[in-house]
Visitor: 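First, the structure itself, so that you have it in front of you.
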Amino acid sequence: MKNGGVPAYYFLSPIILAITMVIVILLLISEYKKGVRSSGPPVILWIGLVVYASIKMWTILAKADVTGIIEVFYFTTFSVEFFFFVLQLLLSFIPEPKSIDDYIRDTEYKPSPEGSASFFSLVTWWWLKSLMWKGSHKVLSHDDLYDINYEDKSEVTSIRFQKEWDKEVKRSGLVFVQGQSNKQSQKRREPSLVLALFRAYGLDIITGGFYKLCYDILIFINPLLLRLMVAYIHDKNQPAWNGYFYAVAMFLNALLHSLTYQQYFNHITVTGMRIRTGLIAAIYNKSLVLTRKSYQIRTIGEMVNLMSIDAHRFIETLSYFHMVWSGPLQIVVALVVLYWTMGFAILAGLAVLLLLLPFTLLVFLVGRYFQTKLMKAKDKRLKIINSIIGGIKVIKLYAWEIPFRNKVKELRNIELHNLRTISRIQAFSALTWFSTNTAVILVTFGTFLVINFSRSSTDFSLTAGKVFVVISLFDILRYPLTRLPMTIAYMIQANVSLKRLSSFLTAEELDPEGVERSEKYDESLDAVSITGGVFTWEDEADNFLLSNIELSVRPGELVAVVGPVGAGKSALISAILGEMNKINGHVVLRGRVAYVPQIAWILNATVKDNITFGKGFNNVLYNEVISTCALEADMEILPGGDMTEIGEKGINLSGGQKQRVSLARAVYQESDVYLLDDPLSAVDSHVGKHIFDNVIGPEGVLKNKVRILVTHSVRFLSQCDKIIVMNEGRISEVGTYSELLGHNGEFSVFLQNYGSTDESDEKKQNTEKIADKLEYFPDKDSKESTLLSDEKVQVGIVKMSVVFAYLKSFTFIIFLILLIFSFLSTGGYVGQLLWLAHWSNAGGNDNLTLFANLGIYATFGIVQSVSLLFASLTLSFGTVKASRRLHDEMLSSILRSPMSFFDTTPLGRLLNRFSKDIDAVDEKIPLFTNSFLITVFSTFGVITIISVASPWFLIVIVPITVFYLIVQRFYVATSRQLKRLEATSRSPIYSHFQESIDGISSIRAYNVAERFRLQSELHVDYNQIALYVSHSSIVRWLSVQLDFVGSVIVFSAAMFATLQRNYPHIFGFIDPGLAGMSISQAFLMTLLLAMVVRMTSDLESSLVSVERIKEYTELPNEAPEVIPDNRPDPNWPVDGSIQFDEYATRYRPGLDLVLKNVSCYIPGGQKVGVVGRTGAGKSSLTMSLFRIIEADKGSILIDGMDISKYGLRDLRSRLTIIPQDPLLFSGPLRFNLDPFDTCTDDEIWRALHNAHLSTYVQGLSRGLDHIVTEGGENLSVGQCQLVCLARALLRKTKILVLDEATAAVDLETDDLIQRTVRKEFSDCTILTIAHRINTIMDYDRVMVLDEGRIAEFDTPEKLLELRGLFYNLVTDAGFKF
């Protein structure tokens, strides 16, 4: 106002501001009560206002003269304003209540408190406090964890990636649908997985990059503050308060830079988890549409690797991804500031850095080459391990543990050779980068002194201010320099993983239009129709084709498909389902489909869940299905009834039970079209008749449905509406039973040869091995229905026994040498710094002093670098040695485990040990051990340096150490258990994946791929719950706490330096050199303290993998493979006589006896048939002979020698068995026949000729080197059985056991096998678990078992005269005599 009046705004402005602040506070309190969350920006505003007001208040109090009325009023209103700012900031710390959204959400899982946390709780991760407290006081379980955020769930992240990947594939023009790859005319480039990932998650990655940029800016403030602080200590004329201001500024900057850094890491870790989730979902989804050809060139082990290693690698890689641009940026900014400090002398240091670029490129290229080789070797190893675990029973029966173990070791040695090479490359890379740090400082200081040698001004001398600002900048510079080798290594690994993932995601898919499928079922149209069909498994040049297929099936028809082995019966079913590559023709399939495969696919679930198969429960329908599929008796015998858990691949069910459960599943679905691939081959004759009459036949529950039945049974053909005769991939005849008989064609000849046999003999005398399989369970009364044991989760700290087990594998001497070299490396670093402090304070520019200082500094640098090199090489040598030993011990222990272990342990759990856990031992433990040693020794070195400069700092060490130990106790205890939970929750992902691959044809036939995909997502989300907390949240919580400690250390170092400068008579004198050294190293403590705890936790968490491996190295083992003091004669057994002497056995302690006081004598060379009804103990008898189960009492003698006195390898290698399930291994046909490689080609060809396979093998392009896929899927079941026969012929031992060896083959193949056995084993003792009565009617004797005892044992003729159990079995089978 005029006339010297006071303007009104001096009064109005603060009043309006005060009123506004009151209103804002009231509104915030109101919103708080309603559960409305505050956001980050307003909180940041309050922080800025408080800082602004604090500076203003300090200025007013320090400078202003508050005496007049106006000044007092202004000061009072500003004080109120300042109070409101502080109040607003404090309100931000209050935890906010749940919003209304939290109460209406699904409460199946506990919602994470992260969603309702205040801003400060979010940025400091204080919302984890209850979990941390709980984790330090009890053993955490999965129920204690919170649900993951919605945006992190698999259903969200997978859609993001799949959408972008589909767009990328479309842009590339690539066509990978089966049979259409040659039609792509617009292909421009390979689809880029990197671009798809960036488009899907690019915003998240860029946001993380923004946080990293902010962090990079903040880290350069500390050297500037250090320069001011050193100048302040040197210049005694500066005001005393400057030092306190600098100390507070350093403290606040350290806190801000910490919070920014943690936000960066949290963001990229969560983004990495999202990428992992999206990739796992993409891998699973892709596996549901792959062709058979795609499956043949990849094993399940390789695909599990893609999930467990390649997809997971992005979590780790992404933390280094931003170093690609951030590292060079930090280097450039550091060099600019260094130039400002040191002038042109820095160009010499820059030249040294530039010389590293070609070396970096070379490291990248060489590292990528060996990393690719490493992953290929890893895939091959897992492939053979998967085959071993899947075929462990055959391996044990044939005593093949040694060749398979040697095969794995051979692949493992290749893997470790590549791993060792990579480790050496990384060691020399680390040497170069660490040496570069010394070389750059040496060259820079030397050049600076030489350039300014004749100048006397302090601006051109090497002062403490220059030295330790430069050291501080070089410490910043050293971080990207030391991280660049790791960044290169991770980029190499990521590059390899990207190629492997891209190769898989672009693999050939089934043609969705290959079959015209319609869910609509129209009775006026053909339900199944094939016109001009030509089909192949791979391409047009494939050896096996279905050609000239013409087929039409009307609604309600029952169509039988018959023909010899390899005729194409199962292939016809596959063609209808669209599983084969359609070269030509048109296929139509109308209505909902149910499929019963030849080898039953059973889920690891309850019997009830296997039958309902995701369909809603209908009690009436369910009971009808149980009855018609002849499962009522099984439900009564099974310990938990229909709630009994079935093991992986139906391990605890007989073949017939599995097939009937598979059939019951199909019937329960109430589909329109039923494709039945020989479901009656694995069931008893009377059970087969029951199923045909009540389910499949004209009067069965499916009588109005379309039924296409592949069968080897002739007796049901007369009831079929149509019969299709297959031969050599063609439909040779089609017609009714009477029409085909009148044609006198192939069908008529087939009936003449095998019709009578089928009418009587094909009826099986054994009513399946239900009780023989029930030994896996406790007694019925125990009510225990679970077969598979839960995966064991260790509790508490990793036991010292685990650490010692690893060090023992590592060897203690090597570890001691490693510690010595690590100590020397740190000593060299500390020596460099102390000498620089002395040098900068001493001065002296003469030549002698100059070169002496440089020489001494260089000497310390050489000690550090050389010690680091030898430490890295020693670590590489020790860790590779430990990896080899642990892997070999686990492999040997698992191979020596009894069959009961494999019956109760899921395959996915074992693969998890051999993939993820071994990967941790191979790669994670060396990395974390190296980082742990470096950070621990560096921490002690830095504390030593600060304490030398400021002894008063030791006072602060005590409370800091106490706080540090408290934080470590909370973190390590919780982290350890979370890592274990994450590891155990990972196994179900792979088990479900394995199960899905095994049943892929059924999943596609039933059209339930979506349901299985959702199940996979649930398994991934369940794993993500532990992964999110263990890999992100609690790590950030720890870092914030320890960064606060680090900030206190920086503040303390700066404050004590200030006090020593201002009060030297109390605190002691400190020179600028020591002060600069102390504070510059204090900056490192923020990083080092967090790294020590993180590396301790990460190392301990990685040792959990050693703990899990060690658990499997201590499994209960079978009897010794060889007893050196009691080896059998090389020609034993000579005679082949077998004697059971009061023999009794049980499958596990506590279970009932399955064989009871069995006594008999079988002379050498006799042929003995073993028969009996359900649960008689037939298979138990053969398992006892091979000592798969051991004697409870009594003994078995072969040639008069007690077999329990010999080693298992000595025993089993002298016996031969042709098992019921013909299992082949992935690999060359030659390896399947002769894994020891002891037979000549002539011997192998002779065996193939006698097994009636030589013609087929000669027709293969690679002959004996023909690659057999996993489980022998590229051969028919009959051909697999003939390979097993050839395998037995090559062994040619004096005792042969046929365990229902022809149960799953047609009559013609059965006849071939029986004729070969009679001819080639004419002088051998043969025990046959009878499948068809006619096969044993000419045997020397027949043994009839009943409830584990021998009921009858004599010649067939005499047993028939007795009219006892054998007579009843024969008459029940309809045999005429």
Side-chain angles (χ1 to χ4, degrees), residues 392-402 772 775-776 892-903 1115-1164 1166 1168 1170 1176-1217 1219 1291 1293-1297 1299 1324-1327 1329 1343 1345 1348-1350 1353:
I392 189 65
K393 187 173 183 180
V394 170
I395 290 174
K396 287 185 176 297
L397 289 171
Y398 280 84
W400 280 353
E401 290 94 338
I402 288 180
D772 288 352
E775 297 87 358
Y776 296 109
S892 298
S893 178
I894 287 175
L895 286 175
R896 298 278 299 114
S897 297
M899 277 304 302
S900 57
F901 168 76
F902 298 96
D903 296 335
L1115 298 171
N1117 284 346
E1118 293 181 304
E1121 289 184 309
V1122 173
I1123 300 175
D1125 297 334
N1126 194 23
R1127 300 293 300 272
D1129 185 271
N1131 297 320
W1132 179 85
V1134 177
D1135 184 41
S1137 64
I1138 303 172
Q1139 181 178 347
F1140 288 82
D1141 184 14
E1142 293 296 319
Y1143 185 84
T1145 187
R1146 65 184 87 234
Y1147 273 79
R1148 290 203 305 270
L1151 301 185
D1152 289 340
L1153 292 170
V1154 291
L1155 291 178
K1156 305 166 187 175
N1157 303 321
V1158 173
S1159 294
C1160 69
Y1161 177 73
I1162 302 172
Q1166 277 204 352
V1168 176
V1170 183
K1178 303 180 296 298
S1179 289
S1180 300
L1181 192 74
T1182 60
M1183 294 301 101
S1184 299
L1185 193 61
F1186 284 83
R1187 289 177 62 191
I1188 296 295
I1189 51 177
E1190 297 284 2
D1192 190 69
K1193 68 173 185 176
S1195 60
I1196 302 175
L1197 283 70
I1198 295 179
D1199 276 9
M1201 306 300 294
D1202 187 347
I1203 64 173
S1204 66
K1205 305 299 182 184
Y1206 292 144
L1208 292 180
R1209 178 149 50 90
D1210 283 339
L1211 169 66
R1212 293 170 181 170
S1213 62
R1214 312 301 174 92
L1215 309 175
T1216 300
I1217 185 171
R1291 286 170 70 93
T1293 58
K1294 290 295 291 185
I1295 296 176
L1296 173 67
V1297 178
D1299 186 5
C1324 300
T1325 304
I1326 299 177
L1327 264 65
I1329 304 261
M1343 180 187 295
L1345 291 176
R1349 293 183 173 88
I1350 296 179
F1353 187 35

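Throughout, residue positions are numbered sequentially from 1 according to the sequence presented. These figures come from a predicted structure and were not determined experimentally.
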Visitor: Return the CG to CD1 distance between Leu1211 and Ile1203, rounded to the nearest 0.5 Å.
Guide: 5.0 Å
Visitor: Provide the closest heavy-atom pair for Ser1137 versus Gly1200 in the form atom of the first, atom of the second, distance.
Guide: OG-N, 4.3 Å
Visitor: Among all residues two or more places apart in sequence or in another chain, which pass the side chain to side chain contact (heavy atoms under 4.5 Å, CB included) test with Ser1195?
Guide: Asp1141, Leu1197, Asp1202
Visitor: When rounded to the nearest 0.5 angstrom, what is the spacing between CG in Asp1192 and CG in Leu1153?
Guide: 5.5 Å
Visitor: Quick one: are Val1168 and Ile1326 in side-chain contact, heavy atoms under 4.5 Å?
Guide: no
Visitor: Report yes if the side chains of Phe1186 and Leu1215 come closer than 4.5 Å at any heavy-atom pair, otherwise no.
Guide: yes
Visitor: Are Glu1118 and Arg1187 ion-paired here, with the side-chain N under 4.0 Å from a carboxylate O?
Guide: no
Visitor: How long is the gap from CG on Leu1208 to CD on Glu1190, to the nearest 0.5 Å?
Guide: 6.5 Å
Visitor: What is the minimum heavy-atom distance between Ile1189 and Ser1180, and which atoms define it?
Guide: CD1-O, 3.9 Å
Visitor: Between the side chains of Glu1142 and Ser1159, is a donor N or O closer than 3.5 angstrom to an acceptor N or O?
Guide: yes
Visitor: Taking the side chain as every heavy atom from C-beta outward, state whether Thr1325 and Asp1135 have any atom pair closer than 4.5 Å.
Guide: no
Visitor: With a 4.5 Å heavy-atom cut-off, do Lys396 and Leu895 have their side chains touching?
Guide: no
Visitor: So do the side chains of Ile395 and Glu401 get within less than 4.5 Å of each other, counting heavy atoms only?
Guide: yes
Visitor: If we count only N and O atoms by modelled type, under 3.5 Å, do the side chains of Ser1184 and Thr1145 hold a donor and an acceptor together?
Guide: no
Visitor: Is any side-chain heavy atom of Leu1181 closer than 4.5 Å to a side-chain heavy atom of Val1170?
Guide: yes
Visitor: Restricting to non-hydrogen atoms, name the atom on Val1122 and the atom on Pro1124 that form the minimum distance, rounded to 0.1 Å.
Guide: O-CD, 3.5 Å
Visitor: Find out whether Pro1219 and Tyr398 are in side-chain contact, i.e. whether some heavy atom of one side chain is under 4.5 Å from a heavy atom of the other.
Guide: yes
Visitor: How far apart are the closest heavy atoms of Pro1116 and Pro898, and which atoms are they?
Guide: O-CD, 3.0 Å
Visitor: Decide yes or no on side-chain contact (heavy atoms from CB on, under 4.5 Å) for Lys1294 and Ile1198, but give the supporting numbers first.
Guide: CA-CA 10 Å; Lys1294 290 295 291 185; Ile1198 295 179; over 6 Å; no
Visitor: Apply side-chain contact (heavy atoms from CB on, under 4.5 Å) to residues Gln1139 and Cys1160 and explain how you reach the verdict.
Guide: CA-CA 6 Å; Gln1139 181 178 347; Cys1160 69; over 6 Å; no
Visitor: So which atom in Ser897 and which in Phe902 form the shortest heavy-atom distance, rounded to 0.1 Å?
Guide: O-CE1, 3.7 Å
Visitor: Given side-chain contact (heavy atoms from CB on, under 4.5 Å), test Lys393 with Met1183 step by step and report yes or no.
Guide: CA-CA 10 Å; Lys393 187 173 183 180; Met1183 294 301 101; 3.7 Å; yes
Visitor: Tell me, please, which residues at least two apart from Asp1199 pass salt bridge (Lys or Arg N to Asp or Glu O under 4.0 Å).
Guide: none
Visitor: Which heavy atom in Phe901 sits nearest to a heavy atom in Leu1115, and how many Å separate them?
Guide: CZ-CD1, 3.6 Å
Visitor: Can you list every side-chain hydrogen bond (donor to acceptor under 3.5 Å, both in side chains) pair that touches residues 1124-1134, not counting sequence neighbours?
Guide: Arg1127-Asp1210
Visitor: Does the pair Val1158 and Leu1155 meet the rule for a side-chain contact (heavy atoms from CB on, under 4.5 Å), with working shown?
Guide: CA-CA 7 Å; Val1158 173; Leu1155 291 178; 4.1 Å; yes
Visitor: To the nearest 0.5 Å, what is the distance between CG on Leu1327 and CG on Leu1185?
Guide: 6.5 Å
Visitor: Could you state the interatomic distance from OH (Tyr1206) to OG (Ser1213), rounded to the nearest 0.5 Å?
Guide: 12.0 Å
Visitor: Can you tell if the side chain of Ile1295 reaches within under 4.5 Å of the side chain of Arg1214, non-hydrogen atoms only?
Guide: no
